[in-house]
Amino acid sequence: MPQTAVIDSETGLTLKELARRHGLSAAGKLPSLRDYTRQLWSYRHFISSYANAKVTSSLGRTRLGVFWQVLTPLINAAVYYVIFGVVLKQKSGVENFVAYLCTGVFIFGFTQSVVQAGIQAVSGNLGLIRALHFPRASLPLAITMVEIRNMIASMAVLIVIVLAFGEPITLEWLLIVPIFLMQCVFNAGLALAAARLGSKVADVKQLVPFAMRIWLYGSAVLYPVTRFTDHLSGWKLYLVEANPLLVFIDLMRHALMEDVPLAASPVVLWLEAIAWTLLVGIGGYVYFWRGEKGYGRG
Amino acid sequence: MADTMTGSDRREPTVIVDDAHVVYRVQQSATPGTGSPLASFKRIITGTKPATLREVHAIKGVSFVAHKGEAIGLIGTNGSGKSTLLRAIAGLLPTDKGAIYAAGQPSLLGVNAALMSDLPGERNVVLGCLAMGMSPAEVKSQVKDIIEFSGINERGDFSSLPMRTYSSGMGARLRFAIAAAKKHDVLLIDEALATGDAKFRRRSEQRVRDLRKDAGTVFLVSHSEQSIRDTCERAIWLESGLIRADGPTADVLKEYEAYVKR
């Protein structure tokens, strides 16, 4: 840097040395991962109240208000039921197709809405980012919290549907909680990664609907998983069956329903789910943290 | 000059800006001719930068040292890079080249801090305070004071109405009140004094003086030469991203006035 100005001619210090001597820290320096996590923890109240604010402001002008949190998943399930259950009569292989379909639609919808909202978590809040100082990961995490709240309402609806279509309550229902928690962590990682991607390349937002569509068909949401084993083999089958959403959906179906065809044995599915949760949860967080100081640029 | 140098050597620097460059990247909607699918496909193949991505070099190498207890006014014509420089010092905008060092975390006190317009003023106060890093207990004890200071409740209970129903002056007052509720090491003030009516202006100037007492260093961006003259002993004149003058307020303002009148 040839232009580095020398001040205070007596000491002949460069500005950089002067800053170091007086213990000033560089603005825009990336904090260590541990410091960043600590900062983020101290902003937990901001994250939760921001999430609450988002829910209130998005539903604030509708007449039904918070009731939409329950209504949206219900309508969603009804639409898919009419198309795949009534019109196309795709019931082969699964006894309780309605419960099967709804579980898939709801679990998939959770991740889908997190990704869609996550893409805009940073790029849609540039005003806030340029005005105030807070760990930026607060924004995608708040969005994940909004979707978690929506999903809890959806889960209540789902449980009513599953019961109404004749599934008994068993001990296996207890597994719902760990599966849900794993998916929450997985989704948070996904939201963080999506937020950084969306802040760098605005074009990603245009591709998300297509990516989600492919993911939907690859996750055996609308038809039995056995379709994959019937039509695919070798590495293609591996690829499809390692799909994290397929794993989460399968596990949830296994927990909620008595007689379901699965892509693999439950133990394998559990191991896969844990691996995906750790990989995406930690990976997404680290990936977002690495970009922390560039988010204000837009 | 010799005595000022030894003087500045003894004083403690709080903000050091070392040859800082700030570049905005602006993605525009396409202009005719460059926006056809064929043209953008060609750009992707040849790897050239899209014509819609424009770079604005807002700060082009600025260096200075600010010391503890100083109040520095930033002046310059519109678009000269004053607000950008403040944001870079606050660490909200990254520098492309050079570096900015600061003691503690500088806080930017601006009038355009975005809040949620669908939410009532009261909840925005809570949200804003939490975003500045206050604990819920601190927020609770402050909310009332902040709303009272902003004076939005002078004409009835506005604090429970959504912010989109506020007049622009009321919104600006509330935002200023939120930002001024916290004590800061280095305080950056962006045109905040120019908001509201005469009564609120008096109150906010008093608040800034109080904040100055606690803060190590204050930077003030304002188009009002009077408020710079009143509050700052040193002024920096920025013009198209470069420092034109840096020195005692009276001298710099004289030069600046001569330049503007020309």
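Just so it is clear: chains get the letters A, B, ... in the order the sequence lines come, proteins before strands, and each one is counted from 1.
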State the [atom1]-[atom2] distance between [X] and [Y], to the nearest 0.5 angstrom.
X: B:Thr95; Y: A:Lys293; atom1: OG1; atom2: NZ; answer: 11.0 Å
X: B:Leu127; Y: A:Lys54; atom1: CG; atom2: NZ; answer: 10.0 Å
X: A:Ile129; Y: B:Leu93; atom1: CD1; atom2: CG; answer: 11.0 Å
X: A:His45; Y: B:Leu130; atom1: NE2; atom2: CG; answer: 8.0 Å

> chain A: which of B:Ala131, B:Ala88, B:Pro162, B:Gly61 shares the most heavy-atom pairs with it under 4.5 Å?
Replying inline: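 Winner by heavy-atom pair count: B:Ala131.
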
>> For chain A, which candidate among B:Val126, B:Asn124, B:Leu119 shows the most heavy-atom pairs at distances under 4.5 Å?
In response: B:Leu119

Report which part of [X] has an atom under 4.5 Å of a heavy atom belonging to chain B: side chain, backbone, both, or neither.
X: A:Arg136; answer: side chain
X: A:Asn52; answer: both
X: A:Tyr43; answer: side chain

Answer yes or no: does atom [atom1] of [X] have more than 12 heavy-atom neighbours from other residues, nucleotides or ligands under 6.0 Å?
X: A:Arg290; atom1: CZ; value: no
X: A:Arg213; atom1: CZ; value: no
X: A:Trp215; atom1: CH2; value: yes

> Between B:Val65 and A:Leu15, which heavy-atom pair has the shortest distance, and what is it?
Replying inline: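 That closest heavy-atom pairing would be CG2-CD2, 3.4 Å.
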
> Looking at A:Gly294 and B:Pro94, what are the two nearest heavy atoms and their distance?
Replying inline: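 The answer is CA-CG, 4.2 Å.
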
> For B:Val22, is it the side chain, the backbone, both, or neither that has a heavy atom closer than 4.5 Å to a heavy atom of chain A?
Replying inline: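 Neither part, no heavy atoms under 4.5 Å.
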
>> Please rank A:Ala53, A:Ser42, A:Pro135 by heavy-atom pairs under 4.5 Å with chain B and give me the top one.
In response: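 Between A:Ala53, A:Ser42, A:Pro135, the count favours A:Ala53.
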
> Have A:Ser49 and B:Arg123 got a donor and an acceptor in their side chains that come within less than 3.5 Å?
Replying inline: no

> Which members of residues 132-141 of chain B, sorted by number, sit under 4.5 angstrom from chain A on a heavy-atom basis?
Replying inline: B:Met132, B:Gly133, B:Pro136

> Do B:Ile16 and A:Leu18 have side-chain heavy atoms sitting under 4.5 Å apart?
Replying inline: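 Contact flag for B:Ile16/A:Leu18 side chains = yes.
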
